[in-house]
Amino acid sequence: MNQSRSVVITGANGFVGKNVGKFLSKNGFHVIGLVRKGREKSIDFGRVISSETLSENNLVSKIKGSSALLHFIGQGRQTIDSDYENVNVSLTNNVIKLCKKAKIDKIIYISGLGVDRSTTLGYFISKYKAEQEIIHSGLDYTIFRASYIIGKDDPLSKNIRRQIKKGKVVIPGSGNYHFQPIFIVDVAKVMLKSIMENSFSNKILDLAGPQTVSYNTFVREFIGGKKTEIRKVDFESVYHDALHNKGSFGIDDLSIMIGDYVGNHRKLASLAQMKFTKYGKVLKSRSLS
Ligand SMILES: NC(=O)c1ccc[n+]([C@@H]2O[C@H](COP(=O)([O-])OP(=O)(O)OC[C@H]3O[C@@H](n4cnc5c(N)ncnc54)[C@H](OP(=O)(O)O)[C@@H]3O)[C@@H](O)[C@H]2O)c1
């Protein structure tokens, strides 16, 4: 177990970064958040440092000796200016070099559930390459392959809520594909354990919740009693909109949805020795819907 209580978080102003950062701060960690220039005010815990490339020399002395770096920068939609190779792979390489220079021995990374060597999806290929860079870096690592992480303002809930406001929620295709939502507070607890406990060393774990649910059921439960139309839309039509950068889904969102990826929750639960929150409870707590 590493005794230093100082940790660094990249992507500290993202959904996962903010929530995990706050949780670790409340639990006695000195958190250093790395964000892009101009985003410093978006986090209200620990200490914030701005960085564009994560390779600036002046960063090293500011984070030296921290016990772990939690690498939460990532992107699930690419553009001409910001593609997967640059964000998911190159920045991970910069982070690995940064850890070595700053003598940070442990890196924690969130990959995607469904990522493996045989994948043909561009997003997953970039996550796989990032995983490989980390595994071969010589650093102690914990890689989490995450299903949808849910909590206040998570990307999936924001998307559904936006559609509810417009009065219609689209279900691409049949909606019978599944996922395993995991509550952000549980994720934060798992992150704390992976910093502190040697049993998480050099492991790849599915970050998947205790229940498997179809998209159909999740959307219906999310909407609850609200008056909103649920419309199943022909997959071809949703995909067409996604390709033309319209509608509520990106093409890689759609691929992941119909990928029907289900993970090994039991392995995570047994290692973490935790009871995980059921998604229904998260929805009912109104932190979501
Ligand atoms: N949320 C989920 O359900 C889920 C599921 C599977 C995997 N993951 C992975 O978990 C990680 C965190 O996800 P999240 O939900 O917190 O995502 P998020 O809310 O979109 O946050 C992404 C973070 O990455 C930063 N970022 C993106 N492109 C960057 C770039 N070119 N340079 C520097 N920073 C950049 C963003 O900074 P700006 O604010 O400056 O843009 C933001 O801080 C990601 O790697 C994601 O792929 C998440």
Side-chain angles (χ1 to χ4, degrees), residues 8-23 33-43 45 48-56 59 69-95 98 107-115 121-131 133-134 142-160 179-188 190-191 194 204-209 215 218 250 252-253 255-257 259 261 263 279 282 288:
V8 182
I9 298 182
T10 71
N13 62 327
F15 164 64
V16 176
K18 260 186 194 171
N19 283 285
V20 172
K22 268 186 200 162
F23 181 85
L34 298 184
V35 296
R36 287 196 262 198
K37 283 201 175 77
R39 317 276 170 119
E40 294 86 342
K41 285 192 178 143
S42 59
I43 60 175
F45 55 83
V48 193
I49 299 172
S50 72
S51 163
E52 288 302 310
T53 60
L54 300 158
S55 59
E56 299 91 343
L59 267 186
L69 184 145
L70 291 77
H71 181 35
F72 294 153
I73 289 176
Q75 164 175 301
R77 229 182 246 216
Q78 58 184 344
T79 63
I80 297 286
D81 299 325
S82 174
D83 62 30
Y84 291 149
E85 187 69 24
N86 286 333
V87 179
N88 294 343
V89 187
S90 300
L91 285 180
T92 299
N93 272 322
N94 291 355
V95 163
L98 183 63
I107 181 165
I108 294 168
Y109 181 60
I110 305 189
S111 179
L113 188 64
V115 169
L121 181 65
Y123 168 69
F124 278 177
I125 288 172
S126 69
K127 286 288 196 185
Y128 183 80
K129 284 186 181 176
E131 288 184 356
E133 295 293 344
I134 290 169
T142 310
I143 292 170
F144 292 101
R145 290 179 171 164
S147 185
Y148 289 89
I149 303 170
I150 57 169
K152 196 169 182 304
D153 288 335
D154 71 86
L156 174 66
S157 309
K158 268 187 173 163
N159 187 354
I160 301 175
F179 68 113
Q180 266 175 294
I182 183 162
F183 186 31
I184 184 67
V185 175
D186 293 341
V187 168
V190 168
M191 294 300 149
S194 64
I204 301 181
L205 296 163
D206 293 343
L207 195 62
Y215 191 64
F218 184 79
D252 294 322
D253 297 331
S255 301
I256 292 169
M257 286 163 92
Y261 297 110
Y279 74 86
V282 182
L288 247 189

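Counting starts at 1 for both ligands and their atoms, following the listed order. Atoms considered below: every heavy atom in the structure, side chains included; atoms not considered: hydrogens, waters and symmetry mates.
At least one heavy atom of Lys127 sits closer than 4.0 Å to an atom of ligand 1.
For Ser42, no heavy-atom contact with ligand 1 is shorter than 4.0 Å. Contacts between Val87 and ligand 1 below 4.0 angstrom, taking non-hydrogen atoms only, involve the side chain exclusively. Using a 4.0 Å cut-off between heavy atoms, Leu156 makes no contact with ligand 1 at all. At a heavy-atom distance under 4.0 Å, only side-chain atoms of Tyr123, from C-beta outward, approach ligand 1.
In the model, Asn88 has no side-chain atom that pairs as donor or acceptor with a side-chain atom of Tyr123 under 3.5 Å. Between the side chains of Glu56 and Ser51, at least one donor-acceptor pair of N or O atoms lies under 3.5 Å. Between Lys127 and Tyr109, the side chains place a donor N or O and an acceptor N or O closer than 3.5 Å (distance only, hydrogens not considered). With hydrogens and angles left out, the side-chain atoms of Asp154 and Ser157 include a donor and acceptor closer than 3.5 Å.
Between Phe15 and ligand 1, at least one pair of N/O atoms sits closer than 3.5 Å. Of the polar atoms of Gly14, at least one N or O is found under 3.5 Å from an N or O of ligand 1, judged by distance alone. Inclusion of Ile149 in the set of residues having an N or O under 3.5 Å from an N or O of ligand 1 is warranted. Any N or O atom pair closer than 3.5 Å counts here, and Ser82 shares no such pair with ligand 1.
Of the inter-residue distances, the one linking Ile110 atom CD1 with Phe72 atom CZ reads 4.5 Å to the nearest 0.5 angstrom.
Note: Phe179 and Tyr215 have tilted aromatic rings, judged against thresholds of 30 and 60 degrees for the angle between ring planes.
The nearest protein heavy atom to atom 16 (O) of ligand 1 is closer than 4.0 Å.
Looking at Asp253 and Arg77, a side-chain N of the basic residue comes within less than 4.0 Å of a carboxylate O on the acidic one, giving a salt bridge.
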